[in-house]
Asks: 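Dropping a structure here in structure tokens format, bear with me for questions.
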Amino acid sequence: MRAEIDLHEMTVIEAQVALNQLIDSLGWEYDEILVVHGYHSGILQNFVRTQYRHKRVKQIILSLNPGDTSLLLRSRQEMAEEKKKHRKK
């Protein structure tokens, strides 16, 4: 399933909080988030595409539309496997 969030008119800090809250609230059936950030100033676009990190985000997909970006999410199984890897180190 895909969720969507619109970050227009948010600051970078507000966008980060909103994204974290959304991801943390999503069930495991969600595997993608469409992030609508706009492109005129480039600030939110740059943040989402190059700076944003969350343990559940496995890949950032740039869209042909410069005003949005897709975040692919790790599944429950992928998260468990990541946890096991870190325990072995």
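Residues: numbered from 1 along the sequence shown.
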Asks: Any side-chain to backbone donor/acceptor pair from Gln45 onto Pro66? Under 3.5 Å, distance only.
Replies: yes
Asks: Rounded to the nearest 0.5 Å, what separates atom CG in Leu44 from atom CG in Asp6?
Replies: 10.0 Å
Asks: Excluding sequence neighbours, so at least two apart, what forms side chain to side chain contact (heavy atoms under 4.5 Å, CB included) with Lys58?
Replies: Leu72, Arg74, Glu78
Asks: Taking only distance into account, with no hydrogens and no angle test, what donor-acceptor pairs under 3.5 Å do side-chain atoms of residues 16-26 form with protein atoms, sequence neighbours excluded?
Replies:
| residue | atom | partner | partner atom | Å |
| --- | --- | --- | --- | --- |
| Asn20 | OD1 | Tyr52 | OH | 2.6 |
| Asn20 | ND2 | Gln16 | O | 3.4 |
| Asp24 | OD1 | His54 | NE2 | 2.9 |
| Ser25 | OG | Gln21 | O | 3.3 |
| Ser25 | OG | Leu22 | O | 2.8 |

Asks: Measuring from atom NZ of Lys83 to atom NZ of Lys55, what distance do you get when rounded to the nearest 0.5 angstrom?
Replies: 7.5 Å
Asks: State whether the number of non-hydrogen atoms from other residues, nucleotides or ligands found under 6.0 Å of Glu9 atom CD is greater than 12.
Replies: no
Asks: Can you spot which of Val12, Ile13, Leu7 makes a side chain to side chain contact (heavy atoms under 4.5 Å, CB included) with Met10?
Replies: Leu7
Asks: Are the side chains of Val57 and Gln59 in contact, using a 4.5 Å heavy-atom criterion?
Replies: no
Asks: Scan the side chains in residues 29-37 for donor-acceptor partners under 3.5 Å anywhere in the protein, sequence neighbours excluded, and list what turns up.
Replies:
| residue | atom | partner | partner atom | Å |
| --- | --- | --- | --- | --- |
| Asp31 | OD1 | Met1 | N | 3.4 |
| Glu32 | OE2 | Ser70 | OG | 3.0 |
| His37 | ND1 | Gly67 | O | 3.4 |
| His37 | NE2 | Thr69 | OG1 | 2.7 |

Asks: Check Leu71 against Ile60 and note the closest heavy-atom contact, atom names and distance.
Replies: CD2-CG1, 3.8 Å
Asks: Out of curiosity, Arg2 CZ to Leu73 CG, how far, rounded to the nearest 0.5 Å?
Replies: 12.0 Å
Asks: Measure across Asn46 and Thr50 and return the closest heavy-atom pair with its distance rounded to 0.1 Å.
Replies: O-OG1, 2.6 Å
Asks: Say you draw a straight line from CG of Asp68 to CG of Leu62; how long is it, rounded to the nearest 0.5 Å?
Replies: 10.0 Å
Asks: Is it the case that one hydrophobic cluster holds both Val48 and Ile43, taking links as side-chain heavy atoms less than 4.5 Å apart, direct or via other members?
Replies: yes
